[in-house]
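Just so you know, these numbers use all the heavy atoms, side chains as well, and skip hydrogens, waters and symmetry mates. One-based numbering along the sequence shown.
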Amino acid sequence: MTINELFSLKNKTAIVTGGGKGLGARMAMTLAEAGSNVVVCSRDLKACEGVSEQLKAKGVKSLALQCDVSKQEDIERVVAETLSHFGSIDILVNNSGTSWMAPALDHPADKWDKVMNVNVRGSFLFSQAAAKVMISQGGGKIINIASVTGMGGTQPELMDTIAYSTSKGALMTFTKDLAVKLARHNIQVNAIAPGFFPTKMSRSVLEKENAMILKGVPARRFGNDQDLDGAILFLSGKASDYVIGQVLVVDGGITALV
């Protein structure tokens, strides 16, 4: 097998949740450039349609679908429509996420539930549905988008988002346990833990605490549009067939600090 074949996604089909904006849209573009058909889904159908049209303009086969990942019926519909349209599900990127900023002792219980439902329950339900298809096909890739904030605590002056951090920590453990259970079916489950990337969810925090955050980033910059391309491509292709249950950190060196 050549190096190009190790990273080629030709004739594969990927689903990217939260694929209409930000990092999700970028990952959808990267998978498409590597040859994959791409289904982009989120609650914002208009945004997904915009990304899907960009992909089609590049000659990529794509589908835009509305989906609330906390609702099992939405997930099952996306899986069914993907199979009907493309005939397979080879790659699932669980990227949909939400957050809520509030002091830990005043964090509303309903907002805690909302964050957990999207970030953890949604990834579980989508992985469950996609894995059943992948087993019948003989293999597949599941990639969960976690965060370095799930690896430990953060000062409240920097990020007062305890539900988000907890959900991303849970997602990493979920990744490892699901990976062990699905490895025998030739399904590789891994996660990417980004550091600080300017997105709609994080931009206000990064702008407010720019200097403080950059002091803790050895690379002395935030992540840019291209910094996750290699990670998502590696974990989606045959190059990672023996990589199981790992969390690939892409953070500019934050977690390398002692």
Heavy-atom closest contact (A129 atom, V79 atom, distance): CB-CG2, 4.0 Å
Pairing of K46 and E49 as salt bridge, 4.0 angstrom limit: no
Any sub-3.5 Å donor-acceptor pair from S147's side-chain atoms to A193's backbone N or O? no
Closest approach of S42 to G19 (non-hydrogen atoms, all atoms of both residues): CB-N, 4.5 Å
Should R77 and E81 count as an ion pair when the cut-off is N to O under 4.0 Å? yes
Ion pair present between D241 and K141, side-chain N to carboxylate O less than 4.0 angstrom? yes
Can you name the nearest heavy-atom pair linking G122 to I75, along with the distance? O-CD1, 4.1 Å
Ion pair check, R43 and D74, cut-off under 4.0 Å: no
If you count the non-hydrogen atoms of other residues, nucleotides and ligands that lie under 6.0 Å from CD1 in I162, is the total more than 12? no
Rounded to the nearest 0.5 Å, how far apart are CG of D227 and CZ of R26? 9.5 Å
Taking a hydrophobic cluster as the set of Ile, Leu, Val, Met, Phe, Trp and Tyr residues connected by side-chain heavy atoms closer than 4.5 Å, whether directly or through intermediates, do I3 and L235 fall within one such cluster? yes
side-chain hydrogen bond (donor to acceptor under 3.5 Å, both in side chains), that's the test. Do S70 and D68 meet it? Break it down for me. CA-CA 5 Å; S70 67; D68 180 341; 2.7 Å; yes
Quick check: does any side chain N or O of T154 sit under 3.5 Å from a backbone N or O of M159, one acting as donor and the other as acceptor? yes
Once salt bridge (charged side-chain N to carboxylate O under 4.0 Å, His left out) is applied, do any residues pair with D225, and if so which ones, sequence neighbours excluded? none
Min side-chain heavy-atom separation Y164-T98 under 4.5 Å: no
Across all chains, not counting sequence neighbours, the side chain to side chain contact (heavy atoms under 4.5 Å, CB included) partners of A219 are V217, R221
Report the C-alpha separation of N119 and S167 in whole Å, then their side-chain angles, then the decisive distance to 0.1 Å, and conclude whether the side-chain hydrogen bond (donor to acceptor under 3.5 Å, both in side chains) test is met. CA-CA 6 Å; N119 298 3; S167 72; 3.0 Å; yes
In one Ile/Leu/Val/Met/Phe/Trp/Tyr side-chain cluster, 4.5 Å: F124, I89: yes
Minimum-distance pair of heavy atoms, taken over all atoms of L31 and A14: CD1-CB, 3.8 Å
Paired with N37, the side-chain hydrogen bond (donor to acceptor under 3.5 Å, both in side chains) test is passed by just one of T13, T82, D90, namely T13
With a 3.5 Å distance limit and no angle check, can you tell me whether K168 reaches the backbone of I145 through a side-chain donor-acceptor pair? yes
Take atom NZ of K71 as the centre, draw a 6.0 Å sphere, and report whether it contains more than 12 heavy atoms from other residues, nucleotides or ligands. no
Kindly indicate whether the side chain of I244, heavy atoms from C-beta on, has any atom under 4.5 Å from the side chain of V189. no
Can you tell me if T255 and D251 form a side-chain donor-acceptor pair at under 3.5 Å? yes
When clusters are formed by joining ILVMFWY residues with side-chain heavy atoms under 4.5 Å apart, either directly or through shared neighbours, do L171 and V243 land in the same one? no
If you measure from CD on Q137 to CG on N186, what distance do you get to the nearest 0.5 Å? 11.0 Å
Atom NE2 in H107, atom OG1 in T161: separation rounded to 0.5 Å? 8.0 Å
Around atom NZ of K61, are there more than 12 heavy atoms from other residues, nucleotides or ligands closer than 6.0 Å? no
Measure the spacing between CD1 of I143 and OG of S127 and express it to the nearest 0.5 Å. 11.0 Å
Do F126 and C67 come within less than 4.5 Å of each other through their side chains, counting heavy atoms only? yes
Between E5 (side chain) and T2 (backbone), is there a donor-acceptor pair under 3.5 Å? yes
Within a reach of under 6.0 Å around CD of Q155, are more than 12 heavy atoms found that belong to other residues, nucleotides or ligands? no
Taking the side chain as everything from C-beta on, heavy atoms only, tell me whether F196 gets closer than 4.5 Å to L214. no
Test question: given the 4.5 Å side-chain rule for I, L, V, M, F, W and Y, name all other residues clustered with V180, or answer none. none
Criterion side-chain contact (heavy atoms from CB on, under 4.5 Å) on V247 and N190, from CA distance to verdict: CA-CA 6 Å; V247 178; N190 293 287; over 6 Å; no
What is the ring orientation for F234 with F7, classed by angle as parallel under 30°, tilted 30 to 60°, or perpendicular over 60°? tilted
Using modelled atom types only, decide if a donor and an acceptor are shared between the side chain of D177 and the backbone of F174 within a distance under 3.5 Å. no
On a heavy-atom basis, the closest approach of S52 and L63 is OG-N, 3.6 Å
Are more than 12 heavy atoms, taken from residues, nucleotides or ligands other than R220, located less than 6.0 Å from that residue's CZ atom? yes
Can you find a heavy atom in the side chain of V69 that is under 4.5 Å from one in the side chain of V118? yes
What's the spacing between T30 OG1 and L233 CG if we round to 0.5 Å? 7.5 Å
Exam field: side chain S236 to backbone I232, donor-acceptor pair closer than 3.5 Å: yes
Side chain proximity check, V93 to I15, heavy atoms < 4.5 angstrom: no
What I want to check is whether the side chains of T175 and N144 have a donor and an acceptor closer together than 3.5 Å. yes
I'd like to know if M29 and V16 are part of one continuous hydrophobic network [Ile/Leu/Val/Met/Phe/Trp/Tyr, side-chain heavy atoms within less than 4.5 Å]. yes
May I ask you to decide whether K114 forms a salt bridge with D110, counting only side-chain N to carboxylate O separations under 4.0 Å? no
Contact check, side chains of V78 and Q66, non-hydrogen atoms, under 4.5 Å: no
Neighbour count above 12 (heavy atom, 6.0 Å) for W100 CH2: no
Go through the steps for M1 and K238 under the test side-chain contact (heavy atoms from CB on, under 4.5 Å), then give the verdict. CA-CA 10 Å; M1 185 174 293; K238 291 193 69 61; 3.4 Å; yes
In Å, rounded to the nearest 0.5 Å, how long is the span from CD of Q54 to NZ of K58? 7.5 Å
Common cluster, I91/V38, ILVMFWY with side-chain heavy-atom separation under 4.5 Å: yes
Exercise: identify the closest heavy-atom pair between A32 and L55: CB-CD2, 3.6 Å
Does a side-chain heavy-atom distance below 4.5 Å link L182 with I142? yes
